[in-house]
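Reminder, nothing fancy here: chain letters follow the sequence lines and each chain counts from 1.
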Number of protein chains: 2
Amino acid sequence: MATTTAAQKRAQEKMAYDAFVAACPSRKLLDRISNKWVTLILAALGSLEVDEGCAGGPRSMRYSELSRLLAGVSQKMLTQTLRSLERDGLVTRTVTPTVPVTVTYELTDLGLSLHEMMRGIKAWAETHMDDVLANRDTYDGRVA
Amino acid sequence: MATTTAAQKRAQEKMAYDAFVAACPSRKLLDRISNKWVTLILAALGSLEVDEGCAGGPRSMRYSELSRLLAGVSQKMLTQTLRSLERDGLVTRTVTPTVPVTVTYELTDLGLSLHEMMRGIKAWAETHMDDVLANRDTYDGRVA
DNA sequence: CAGGATCCCGCTAGATACTG
DNA sequence: CAGTATCTAGCGGGATCCTG
């Protein structure tokens, strides 16, 4: 049918992907980025540079720096998560052939757009921790 | 010590919680909210009302509505996730003793603040799906 | 330093069946 | 309608050992 109404076009553009639909690829993508390590890594990259308003920094970090900053992360999860982020084009991996080798991870522009949100999520968790804790006490008290 | 400098106070307030620290409670909270179903449920609640700019809507939804909107979610995960959200004070659960019973879930003010971010995450996944897909093709092509 | 490879445990998502 | 209860397969993720 060559007859496509404006409403149909609009609907197609707006609904190209919908994470509420189980089969939609964006559901899987949402599952990937809704992940503790993804959130922390994306929040970490570039976070050092923006400490005092230096927004134009290189937003990159070395493997060992990440490993130290994200306390408690295993090498496996760190590497695994970084790989998936690299595959999705959110970070770039750069190997500098020094001795020993130096590997840096840097946010791409795509990754940067998500970085903002992840910092927001992390900040939310930190600033509302007390509220949540209080709510849990209330809830548990009511049940018990 | 009664002598607390302004800088100390400021540092204490700012760093009260840090999700980069493994033992910090906010790390666990971050893990909870960095979850597919949490994201989808929080993004869903109130999403119907704001469709056309009605921001003051009741931002509530019935169990069955959520179940239908979040295609593919099992009752177990839906109930379980809703319980944890209720416990953390992000949603309220209201039982109306009709026949059969009606249960509605509504965002609290705390939940609303996270709702905004979750909608952002969901929208990000949907709008950047094509970019990510293209990046994966490039990456897989380079490796293969 | 920055991983790769393996083993293995625990939890949790998902399916199924039942209920007030 | 809105759950609860139970079971199980699968994998997320930690620990350990090894390498260029």
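Rounded to a whole Å, the CD atom of A/E86 is 13 Å from the C1' atom of C/dA2. Between B/K36 atom NZ and D/dG12 atom P there is a gap of 11 Å when expressed in whole angstrom units. A/K28 places its NZ atom 15 Å from the C1' atom of C/dA13, with the value rounded to the nearest Å. In this entry the distance linking CE of A/M77 with C1' of C/dT6 reads 16 Å, nearest Å. Taking atom CZ of residue A/R68 and atom C1' of nucleotide C/dC1, one finds them 11 Å apart after rounding to whole Å. One interatomic measurement links the two molecules: CG of A/L82 to C1' of C/dG4, which rounds to 15 Å at whole-angstrom precision. Note: CZ (A/R27) to C1' (C/dG14) measures 13 Å, nearest angstrom. For the pair B/R83 CZ and C/dT12 C1', the computed distance is 18 Å after rounding to whole Å.
Checked by atom type, the side-chain pair A/S34/B/T39 shows a donor-acceptor distance below 3.5 Å. Under the 3.5 Å distance criterion, with hydrogens and angles disregarded, no donor-acceptor pair is assigned to the side chains of A/Y63 and A/T102.
For the pair B/Y105 and D/dG3, the criterion of a side-chain N or O lying under 4.0 Å from OP1 or OP2 is met. A close approach under 4.0 Å does not occur between any side-chain nitrogen or oxygen of B/R62 and OP1 or OP2 of D/dC1. Residue B/Q75 places none of its side-chain N or O atoms closer than 4.0 Å to OP1 or OP2 of D/dA2. OP1 or OP2 of D/dA2 sits under 4.0 Å from a side-chain N or O of B/S64. Side-chain nitrogen and oxygen atoms of B/R93 include none within less than 4.0 Å of the OP1 or OP2 phosphate oxygen of D/dA2.
The pair A/R83-A/D88 does not meet the salt-bridge criterion, since no charged nitrogen lies less than 4.0 angstrom from a carboxylate oxygen. With respect to the salt-bridge test (charged N to carboxylate O, under 4.0 angstrom), the residues B/D140 and A/R87 qualify.
Of the residues near DNA chain C, A/T104 and A/K76, the one whose nearest nucleotide (by heavy atom distance) lies more toward the 5' end is A/T104. Closest-nucleotide positions on DNA chain D for A/W37 and B/V101 were compared, and the one nearer the 5' end corresponds to B/V101.
The minimum heavy-atom distance between B/L42 and B/H115, with the atom names listed, is O-ND1, 2.6 Å.
The residue B/Q80 sits close only to the backbone: its heavy atoms come under 4.0 Å of sugar-phosphate atoms, none of a base.
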